[in-house]
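Okay, so here's the structure we're looking at.
Keep in mind that what you see is a predicted model, and the values were worked out from it rather than measured. These numbers come from the heavy atoms of this one structure, side chains and all, not from hydrogens, waters or symmetry mates. By convention in this document, chain letters (A, B, ...) are assigned in the order of the sequence lines, proteins followed by strands, and residues within each chain are numbered from 1.
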Protein chains: 4
Amino acid sequence: MSAVVLSRDFDPALLQHHARELATAGRFLHGQGWVPATSGNFSARLSADYAAITASGRHKGRLTEQDIMVVDRAGRALDSARRPSAETLLHTTLYCRYPEVGAVLHTHSVNATLLSRRCGSELRLEGYELLKAFRGVETHDTCVIVPVFDNDQDIPRLAAQVEHYLDGHDEVPGYLIRGHGLYTWGRDVTEALRHLEAFEFLFQCELHQARG
Amino acid sequence: MSAVVLSRDFDPALLQHHARELATAGRFLHGQGWVPATSGNFSARLSADYAAITASGRHKGRLTEQDIMVVDRAGRALDSARRPSAETLLHTTLYCRYPEVGAVLHTHSVNATLLSRRCGSELRLEGYELLKAFRGVETHDTCVIVPVFDNDQDIPRLAAQVEHYLDGHDEVPGYLIRGHGLYTWGRDVTEALRHLEAFEFLFQCELHQARG
Amino acid sequence: MSAVVLSRDFDPALLQHHARELATAGRFLHGQGWVPATSGNFSARLSADYAAITASGRHKGRLTEQDIMVVDRAGRALDSARRPSAETLLHTTLYCRYPEVGAVLHTHSVNATLLSRRCGSELRLEGYELLKAFRGVETHDTCVIVPVFDNDQDIPRLAAQVEHYLDGHDEVPGYLIRGHGLYTWGRDVTEALRHLEAFEFLFQCELHQARG
Amino acid sequence: MSAVVLSRDFDPALLQHHARELATAGRFLHGQGWVPATSGNFSARLSADYAAITASGRHKGRLTEQDIMVVDRAGRALDSARRPSAETLLHTTLYCRYPEVGAVLHTHSVNATLLSRRCGSELRLEGYELLKAFRGVETHDTCVIVPVFDNDQDIPRLAAQVEHYLDGHDEVPGYLIRGHGLYTWGRDVTEALRHLEAFEFLFQCELHQARG
């Protein structure tokens, strides 16, 4: 089995583990209404070179191990039987940039959609105790900035925009795509989920406050 | 058994399969609050000539196989033991018009009700990534138009209005009846559910935006 | 066993049946958020003279058969081990008035509370397809009037106000108590639940519309 | 076994009982969205001197017995394997002050967060039937005052502020920390949960009313 591991550069047992974790996450996230229809996509790192990611067009509340596939750093599928999510490059870009990132979650909530449509190029989150749910934040008395990118069906172009922003700014726990959704990440699926729960809570607060 | 199939023009196993699919869909949809009380009705195509449809007055969150019955193209019941939904003709009209349609879902959400009461004869959905959940939509940079018909207890008259609209316009993924609810459809129950989840998401977005 | 039935005027098996029905209803209604904390109370008719009702102070999402007790037409408990709900008289008044009523549900939703605090002595529900969920309503093109009574801790006085209103008006499917909640009923628990789901849907619509 | 109980001043079986109660409460509260990410913390009294409390950073929807630890009156952990919640002192202060308090729940709902950010140093809850869910309240025709403290990462300082307020005022069923969340308590976990459900209901009402 180690031969297989070496040649493919990841442990097949880890793939199975992540597939189950992502399926469990999917049931929770669909139950929250954050991945309606077949929207959203989830991934988890397998090694320096590979990640497990949801195949295109699958319903995230009903994922099975067969819905999870392997892609390389450039987002290319290892097998041709299934097509990876169209936005795979947005995942692998994060794995290449941040060695400590172990999982990336992309969701489409109503609140993320509405908020991203009404704010400019950045969303500022300030004064909430729940900001402490983000890695490295130790007090509510701070400001977490979330960049907002215009939506684009040209994923390499969108990925380049994200890269350009991240090159020039302090680390962020996630970003929004306007009228589309949220990308967030963490050291593992559990941390990425914690960030996601925190974001959705804060988006709901911001949206209600904006309404007065 | 094939003799039965031929004479009735559909496979009884398909009826059972659809009955289970619609019952599962009903539990999900009632859990979402989209078919309150005994509202809504669901159907799935059995053949060129027949469809399975929910019987009148059943609670959609607690459907059993006994709550699903067979109707012909004109919406007439094959057996007289149960009464088909009063709006059966709105289902069969779609099966007659679109050979590729395999399932029709009619729901009554708060958001569909509110939105249909405040908008004119059409609802325009623009700029949302989730529009791509509709069959044939490949970009968020588009406009999906949803016709809104005034409510009418005269179902043949309402069906004729729908037909008239569909004759004169590009294909739509669904329509609203004012103060009443949504009709959407797909090649199968899974696709119709995907359209429904997308519609409900977009209705919620539109309603919140309208409120400012 | 028939001797017991005659002397107590109801079938003990019916009491057990209703206890289970009300417990099942309670889990659903608490899950909807309509009976928060230990609020709300539910009953079902056992005979001309007796009804089963939830004991005082029980959590409606966790009812067991031991939480259901028997009261007479005046709302007096048959046994002294448990105290019936403080509002028992509002239930038994309905059983005395309407021989066809088999179940009464009283709930405390946020929407019922908010709406009853902002409207006058009547709430008018018009033009909704879902009005047809109420017994006897055949078209959306109608107006269902829901009386709203001021809250009062003196239950006999409140019951008398309700009686006075019902004496002077057409039949209604339920009534609101201001800042408190809804009473609705039906021929059986299933019909009362259908009325309740319809009311909650309509309350949510009305509240959103009032907000503009 | 009694020797162990005496030396540690609490019954280990009670610790296990409370651990299970708090885990069950956590699943319910996370399902409601009131303890997003790893926010919130829960405790239950073990004796005059000790309390069981959630360890720091645990997800409240997935608590196991291993996530519950023992602290003394000053909030110090009995074992060094796990770190108690950073806010432990806010719990133990209540146990020291009120001998009849058996459980304390701290939650972070969107509504508590929003409401605490928009109100001054007190929130006034008036005229709701659900006020009767609070221990000692017998009528809707009253006013329950909820103090609102500014958030502070210095927990001893925040605890002193709370103590100072409680010294100078009538008993309250809970308090808010601005942009942070709610503390509520009761004789046991069941009563604390009843208070929590009532608070969340009332916060939602107040927030909607403030919006007009």
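- The CG atom of A:Leu130 sits 8.0 Å away from atom OG1 of D:Thr38, with the distance rounded to the nearest 0.5 Å.
- D:Asp167 CG: more than 12 foreign heavy atoms inside a 6.0 Å radius.
- Shown here is A:Arg97, whose CZ atom has more than 12 heavy atoms of other residues, nucleotides or ligands within 6.0 Å.
- The two atoms that bring A:Ala198 and D:Ala37 nearest to each other are N-CB, 4.4 Å, heavy atoms only.
- Residue D:Asp152 touches chain A through its backbone alone, counting heavy-atom pairs closer than 4.5 Å.
- In this structure, the separation between CZ on A:Arg194 and NE2 on D:His59 is 10.0 Å, given to the nearest 0.5 Å.
- For A:His169, the NE2 atom counts as densely surrounded, since its 6.0 Å shell holds more than 12 non-hydrogen atoms of other residues, nucleotides or ligands.
- With chain A as the partner, the residue from D:Ser109, D:Ser39, D:Ala86 showing the most heavy-atom pairs under 4.5 Å is D:Ser109.
- In this structure, no portion of A:Glu200 lies under 4.5 Å from any heavy atom of chain D.
- Minimum interatomic distance between A:Cys205 and D:Thr113 (heavy atoms only, all atoms of both residues): SG-CG2, 3.9 Å.
- Atoms CG and CG, on D:Asp150 and A:Asp141 in that order, are 11.0 Å from each other to the nearest 0.5 Å.
- Side chains of D:Gln153 and A:His140: a donor on one and an acceptor on the other come within 3.5 Å.
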Residues D:Arg117, A:His208; criterion side chain to side chain contact (heavy atoms under 4.5 Å, CB included); working and verdict: CA-CA 12 Å; D:Arg117 279 167 73 109; A:His208 278 257; over 6 Å; no

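- In this structure, chain D has a heavy atom under 4.5 Å from the backbone of A:Glu126, while its side chain stays farther away.
- A:Tyr128 has its ring centre no less than 6.0 Å from the ring centre of D:His108.
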